[in-house]
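Here the structure comes first, spelled out in structure tokens, and everything after it is commentary.
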There are 2 protein chains.
Amino acid sequence: MGKQMTEMLKGTLEGIVLALLTGKAAYGYEITTLLRAQGFTEIAEGTVYALLVRIEQKGLVDVEKRPSEKGPPRKVYTLNAQGKTELDEFWTTWSFLAERLEQLRTEGK
Amino acid sequence: MGKQMTEMLKGTLEGIVLALLTGKAAYGYEITTLLRAQGFTEIAEGTVYALLVRIEQKGLVDVEKRPSEKGPPRKVYTLNAQGKTELDEFWTTWSFLAERLEQLRTEGK
DNA sequence: TACCGGTACTTAGCAACACTAGGTTCCAAA
DNA sequence: TTTGGAACCTAGTGTTGCTAAGTACCGGTA
């Protein structure tokens with residue numbers, strides 16, 4: 001992964017995962033493959049699992065264990081009310097930053 | 001500063017400062033006030049100076065010391081060739097991320 | 001039976017970055 | 001003489017994503 005992208009993902013990856021969980025519960029392995037499908041081809045597996053632990057401890061998601069046909073049981077994450085609030089705030093913060101940067105780029109300043 | 005914003009600035013603040021230096025040299029104190037004028041009202045002074053040390057050590061800027069009418073001498077930073085390359089890469093990385101996020105938001109996924 | 005590969009999750013240690021909270025220097029005005 | 005603004009510096013902290021290595025479960029294949 002490019003070093004720039006690694007740094008830029010700090011603070012945004014959590015929002016991305018929360019956004020992925022909007023309206024559709026998912027488990028860790030699934031989220032990893034989803035991210036890769038969306039273009040984040042080099043996201044490390046461990047990164048995703050660590051992030052999931054974090055957002056669970058922050059109380060942004062509910063977790064349910066479900067057996068899998070192949071492999072160990074899945075931990076399925078669902079966005080809860082607090083998670084939705086956090087996601088809203090994320091979009092607000094993101095919009096602010098994106099606007100400033102767009103301005104900077106077009107100004108050529 | 002909101003915690004979300006703090007994390008989101010990681011990786012982008014450097015790009016923002018490089019962008020500010022495009023076409024116009026500036027010194028640390030000036031950059032801090034510029035950032036605040038652009039809406040980043042809560043950027044800590046120390047953060048900016050530490051960042052300037054970093055980009056100087058990476059060789060992205062040239063530095064020149066100039067006396068000030070009031071106060072200690074200014075360190076004026078100018079974007080050099082390597083800095084411009086880095087800035088280009090920054091915009092590429094940023095665009096990628098911004099596109100993915102815009103897609104995520106509109107999809108409501 | 002033994003082994004391999006894919007699914008699925010976990011964790012200890014590391015590097016980078018923004019912040020906190022102090023500090024120093026220089027000068028002019030009160 | 002003291003205050004305040006201009007201008008810069010830095011040690012320590014917390015958060016984050018990455019690396020690298022591991023465990024658990026199961027089906028297919030030799």
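Naming convention: chains lettered A, B, ... in sequence-line order (proteins, then strands); numbering from 1 in each chain.
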Test item: side-chain donor near acceptor, Thr22(A) and Arg105(B), under 3.5 Å: no
Rounded distance in Å - CZ (Arg36(A)) to C1' (dT7(C)): 13 Å
Lys65(B) NZ - dC8(D) P separation (whole Å): 9 Å
Side-chain N,O (Tyr49(A)) to OP1/OP2 (dT10(C)) below 4.0 Å: no
Sugar-phosphate, base or nothing in reach of Gly46(A), heavy atoms under 4.0 Å: base
Straight-line distance of Met5(A) CE to Glu42(A) CD, nearest 0.5 Å: 9.0 Å
Contact under 4.0 Å: Tyr29(A) side-chain N or O vs dC9(C) OP1/OP2: no
Protein-nucleotide distance (Lys75(A), atom NZ; dC25(D), atom C1'), rounded to Å: 17 Å
CD1-CD distance between Ile16(B) and Gln38(B), expressed to the nearest 0.5 angstrom: 8.5 Å
Point-to-point distance, once rounded to the nearest 0.5 Å, from CD of Glu7(A) to CG of Leu9(B): 12.0 Å
dG17(D) OP1/OP2 closer than 4.0 Å to side-chain N/O of Thr6(A): no
Phe40(A) CZ - dG17(D) P separation (whole Å): 12 Å
Closest nucleotide among dT19(D), dG17(D), dA7(D) to the Arg54(A) side chain: dG17(D)
Sugar-phosphate, base or nothing in reach of Leu52(A), heavy atoms under 4.0 Å: nothing
Mutual orientation of the aromatic rings belonging to Phe96(B) and Phe40(A) [parallel < 30°, tilted 30-60°, perpendicular > 60°]: perpendicular
Distance in angstrom units between Arg74(A) CZ and dT7(C) C1', rounded: 8 Å
Donor-acceptor pair present, Lys10(B) side chain and dT15(D) base, under 3.5 Å: yes
Straight-line distance of Ile31(A) CD1 to Leu52(A) CG, nearest 0.5 Å: 4.5 Å
Range-with-range stems for DNA chain D, at least three Watson-Crick or G-U pairs under 3.5 Å: C:1-30 with D:1-30
For Ala25(A), all residues meeting side chain to side chain contact (heavy atoms under 4.5 Å, CB included), sequence neighbours excluded: Val76(A), Thr78(A)
Letter per nucleotide, 5' to 3', of nucleotides 23-30 of chain C [B base touched, S only sugar-phosphate touched, - untouched; heavy atoms, 4.0 Å]: --BB----
Nearest-angstrom distance from the residue atom NZ of Lys3(A) to P of dA16(C): 6 Å
Point-to-point distance, once rounded to the nearest 0.5 Å, from CD of Glu14(B) to CD of Gln4(A): 7.0 Å
d(CD, Gln57(A); C1', dT15(D)) in whole Å: 13 Å
